[in-house]
**Student:** 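Please see the structure below; I have some questions.
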Amino acid sequence: MNKIKICHLTVTHFATDNRIFRNECTTLVKEGYDVTYIAPNVENEILNGIKIIGVKCNLHPIKRVFIGSKLIYKKAIEVNAEIYHFHDIELFKYGVKLKKKGKKVIFDSHEDWLMYANDISWLPNIIKKPISKYILYLYKKHLNIFDAVITVSPHILVKLEQFSNHAYMITNYPKYDYKNETLFSKEEYLNRPDTLFYSGTVSNQEVILQAIEEIPNVQYNLAGTFFDNYKEKLSKYPSWNKVDYLGYLNKEELEIAFHKSTIAITLLHYHANVGHTQGTLGNTKFFEYMKYGLPIICTDFKIWKEMIIDKYNCGICVNPNSIEEVQRAIQYLMDNKEIAYQMGQNAQRAVKEEFNWNSQEPILINIYRSIQ
């Protein structure tokens, strides 16, 4: 019996993206599907049973929309899969084309695209509203033709359900291997130097750097990628000498960095894309910090505070624009290291019990079974 061919396609994400590659594609291979993943600027290879196909394209936003997405689509047609699963708004019109060719199509909306244009700093203000209106037009006309529409957080799901009868939520909870996850002792944690840790696309760092300026004996391990001249801008802060920039880390290097840190920090602003003060369950690094047993200092989003931080007592929520609140939270966890350790243990327990990919995997599998 021939396996059903599935093709995931993106013009913006890395080949080893947590949501697409490590969670969704790996799950589908395990379920017996023939899975191809098309991504920009990577080498062709077979990894974990997934056929990765790279397409060379310029990732400048404008060229990505008009050229890169077309190149990704052309390669997708060559794959000739039965089910196509696309992950970017830039590929929306090609998802419609695939439906017209008789293919099964899934749109995976990682962002609140109706509001996303409002958060793009480089986009001229004069065209932000027209872009949002155009996406609304696309949703009204085409969203319901897709066999499934998936998103990452409740506030986005509510919007998509207005346009699609097949909308589902699959969050970005991490995989958790109950047997093999690396643990650490209380003694080991208490003996670590006081170290903040952040990983991911480097943004929203100004408040953190100002907060640590007056805190003695704290180090800030910063991992990830910079865009434009943002690193140069941050390097002008007096506290930059407390920062150890680690660059982009692979999975193994990231795990080592987690185990050299005592506090994780992630401050997202109240953007439209995350529902302003509502927040999101689509932030991968937030749950990765919990998985590795670190107490978290995070934005006081309603969904993070009520559903996670307060419920499990695993961190401290702060106003992301308040230097004083961030500073007090860091100092408190440094001064009360045993409490910080217990918060980290609570965070890891929360992932083990509730916020893990095992809880999301059946949703994905059922979606595919229902449309094949």
Side-chain angles (χ1 to χ4, degrees), residues 14 16 18 174 181-227 229-268 283-299 309 314-318 320 323 325-345 347-348 351:
F14 293 116
T16 55
N18 276 319
E181 289 301 335
T182 305
L183 305 176
F184 52 84
S185 68
K186 181 177 180 179
E187 182 182 9
E188 179 193 341
Y189 178 85
L190 295 178
N191 286 327
R192 292 179 191 173
D194 293 315
T195 306
L196 286 173
F197 183 68
Y198 172 91
S199 65
T201 301
V202 182
S203 60
N204 305 329
Q205 297 295 313
E206 290 84 352
V207 169
I208 300 172
L209 291 180
Q210 291 174 80
I212 65 174
E213 187 174 335
E214 301 300 324
I215 300 177
N217 303 320
V218 65
Q219 181 176 324
Y220 185 18
N221 287 347
L222 187 61
T225 52
F226 284 92
F227 286 100
N229 62 344
Y230 190 54
K231 183 180 179 183
E232 181 182 347
K233 178 182 176 182
L234 294 182
S235 68
K236 295 177 181 177
Y237 280 83
S239 59
W240 184 252
N241 62 0
K242 298 181 178 183
V243 176
D244 185 5
Y245 176 56
L246 306 175
Y248 175 79
L249 304 182
N250 62 32
K251 186 175 183 293
E252 292 73 24
E253 292 167 335
L254 200 56
E255 184 168 331
I256 292 170
F258 276 122
H259 289 285
K260 290 182 177 179
S261 306
T262 54
I263 303 167
I265 189 163
T266 179
L267 300 183
L268 302 184
N283 188 266
T284 304
K285 58 179 169 283
F286 178 84
F287 296 103
E288 287 288 335
Y289 297 156
M290 295 173 63
K291 170 183 171 179
Y292 286 104
L294 294 181
I296 306 169
I297 297 172
C298 63
T299 301
I309 300 297
C314 58
I316 301 175
C317 292
V318 297
I323 298 169
E325 285 191 32
V326 175
Q327 190 176 72
R328 283 199 303 269
I330 295 170
Q331 193 68 63
Y332 177 82
L333 294 176
M334 287 175 56
D335 292 344
N336 298 274
K337 214 161 180 180
E338 292 202 10
I339 293 175
Y341 169 78
Q342 189 56 55
M343 283 183 174
Q345 295 297 292
Q348 194 169 61
V351 171

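These values consider heavy atoms only, across backbone and side chains, with no hydrogens, waters or symmetry-generated copies. Model, not experiment: these values are computed from the prediction. Counting from 1, the numbers follow the sequence of the chain as shown.
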**Student:** To the nearest 0.5 angstrom, please state how far the OH atom of Tyr245 sits from the CH2 atom of Trp240.
**Tutor:**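 Those atoms lie 8.0 Å apart.
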**Student:** Nearest 0.5 Å, please: how far is NZ in Lys285 from CD1 in Ile265?
**Tutor:** 11.5 Å
**Student:** Within a 6.0 Å radius of atom CZ on Phe14, are there more than 12 heavy atoms belonging to other residues, nucleotides or ligands?
**Tutor:** no
**Student:** Would you indicate whether the side-chain heavy atoms of Leu246 and Phe197 approach each other to under 4.5 Å?
**Tutor:**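 A side-chain contact exists here, since the closest heavy-atom pair is under 4.5 Å.
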**Student:** Would you mind listing every salt bridge (charged side-chain N to carboxylate O under 4.0 Å, His left out) that reaches into residues 239-249, with sequence neighbours excluded?
**Tutor:** none
**Student:** Within the structure provided, determine whether Val207 and Pro320 are in side-chain contact (heavy-atom separation under 4.5 Å).
**Tutor:**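 The answer is no; the side chains never approach within 4.5 Å.
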**Student:** Is a side-chain donor or acceptor of Thr262 paired with a backbone partner of Thr195 at a separation under 3.5 angstrom?
**Tutor:** yes
**Student:** Can you name the residues that form a ring pair (Phe, Tyr, Trp, His ring centres under 6.0 Å) with Tyr332, not counting sequence neighbours?
**Tutor:**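 None.
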**Student:** Spell out, as yes or no, whether a donor-acceptor pair under 3.5 Å connects the side chain of Gln348 to the backbone of Lys291.
**Tutor:**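 Looks like yes, one N/O pair under 3.5 Å.
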**Student:** Indicate yes or no for a side-chain donor-acceptor contact from Ser239 to the backbone of Leu209 under 3.5 Å, with no hydrogens or angles considered.
**Tutor:** yes
**Student:** Could you report the tightest heavy-atom contact between Pro174 and Phe287, atom names first, then the distance?
**Tutor:**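 Taking Pro174 first and Phe287 second, the nearest heavy atoms are CD-CB, 3.3 Å.
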**Student:** Between Leu234 and Val243, is there a side-chain heavy-atom distance shorter than 4.5 Å?
**Tutor:**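 Heavy-atom side-chain distance check fails, nothing below 4.5 Å.
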**Student:** Hey, what do you get for OG1 (Thr201) to CZ (Phe227), rounding to the nearest 0.5 Å?
**Tutor:**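 These two atoms lie 5.0 Å from each other.
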**Student:** Return the set of residues passing side-chain hydrogen bond (donor to acceptor under 3.5 Å, both in side chains) with Lys260 (not counting sequence neighbours), or none when no residue passes.
**Tutor:**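 Here no residue qualifies.
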**Student:** According to salt bridge (charged side-chain N to carboxylate O under 4.0 Å, His left out), does anything in residues 186-208 pair up with another residue at least two apart or in another chain? List the pairs.
**Tutor:** Lys186-Glu338, Glu188-Arg192, Asp194-Lys337, Glu206-Lys233
**Student:** Work out which heavy atom in Leu249 is nearest to a heavy atom in Ala257; give both atom names and the distance.
**Tutor:**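 Closest pair (atom of Leu249, atom of Ala257, distance): CD1-CB, 3.9 Å.
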**Student:** Per the side chain to side chain donor-acceptor pair (under 3.5 Å) rule, what does the pair list look like for residues 208-218, sequence neighbours excluded?
**Tutor:** none
**Student:** Can a donor-acceptor pair be found, under 3.5 Å and without considering hydrogens, that links the side chain of Thr266 to the backbone of Phe286?
**Tutor:** no
**Student:** Could you state the interatomic distance from CG (Leu267) to CD1 (Ile297), rounded to the nearest 0.5 Å?
**Tutor:**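 Between atom CG of Leu267 and atom CD1 of Ile297 there are 8.0 Å.
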**Student:** Please check: side-chain N/O of Gln205 versus main-chain N/O of Ser203, any donor-acceptor pairing under 3.5 Å?
**Tutor:** yes
**Student:** Only counting residues at least two apart or in another chain, list the ones meeting ring pair (Phe, Tyr, Trp, His ring centres under 6.0 Å) with Tyr198.
**Tutor:**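 Applying ring pair (Phe, Tyr, Trp, His ring centres under 6.0 Å) to Tyr198 gives none.
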**Student:** With a 4.5 Å limit on heavy-atom distance, are the side chains of Ile309 and Cys314 in contact?
**Tutor:** yes
**Student:** Kindly say whether Arg328 contributes a backbone atom to a donor-acceptor pair with the side chain of Gln331 at under 3.5 angstrom?
**Tutor:**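 No, Gln331 side chain to Arg328 backbone: no donor-acceptor pair under 3.5 Å.
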**Student:** Test Lys231 against Val202 for side chain to side chain contact (heavy atoms under 4.5 Å, CB included), laying out the working first.
**Tutor:** CA-CA 8 Å; Lys231 183 180 179 183; Val202 182; over 6 Å; no
**Student:** With Ala340, which residues qualify under side chain to side chain contact (heavy atoms under 4.5 Å, CB included), at least two apart?
**Tutor:**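 By the side chain to side chain contact (heavy atoms under 4.5 Å, CB included) rule, Ala340 matches Tyr189, Pro295, Leu333.
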**Student:** Can a donor-acceptor pair be found, under 3.5 Å and without considering hydrogens, that links the side chain of Tyr289 to the backbone of Phe258?
**Tutor:** no
**Student:** Is any side-chain heavy atom of Leu254 closer than 4.5 Å to a side-chain heavy atom of Ser199?
**Tutor:** yes
**Student:** Hey, what do you get for CG (Leu294) to CE (Met343), rounding to the nearest 0.5 Å?
**Tutor:**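 Nearest 0.5 Å value for the CG-CE distance: 13.0 Å.
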**Student:** Checking Tyr237 now: which residues fulfil ring pair (Phe, Tyr, Trp, His ring centres under 6.0 Å) with it, not counting sequence neighbours?
**Tutor:** none
**Student:** Not counting sequence neighbours, which residues clear side chain to side chain contact (heavy atoms under 4.5 Å, CB included) with Glu232? List them please.
**Tutor:** Asn229, Lys236
**Student:** Who passes side-chain hydrogen bond (donor to acceptor under 3.5 Å, both in side chains) against Asn283, sequence neighbours left out?
**Tutor:**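 Asn283 satisfies side-chain hydrogen bond (donor to acceptor under 3.5 Å, both in side chains) with no other residue.
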**Student:** With sequence neighbours left out, what residues match Asn204 under side-chain hydrogen bond (donor to acceptor under 3.5 Å, both in side chains)?
**Tutor:**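 Residues passing side-chain hydrogen bond (donor to acceptor under 3.5 Å, both in side chains) with Asn204: His269.
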**Student:** Only counting residues at least two apart or in another chain, list the ones meeting ring pair (Phe, Tyr, Trp, His ring centres under 6.0 Å) with Tyr220.
**Tutor:** none
**Student:** Do Met334 and Ile263 make a side-chain contact, defined as non-hydrogen atoms from C-beta onward lying under 4.5 Å apart?
**Tutor:** yes
**Student:** Quick one: NE2 on His259 to OH on Tyr292, what's the gap to the nearest 0.5 Å?
**Tutor:** 6.5 Å
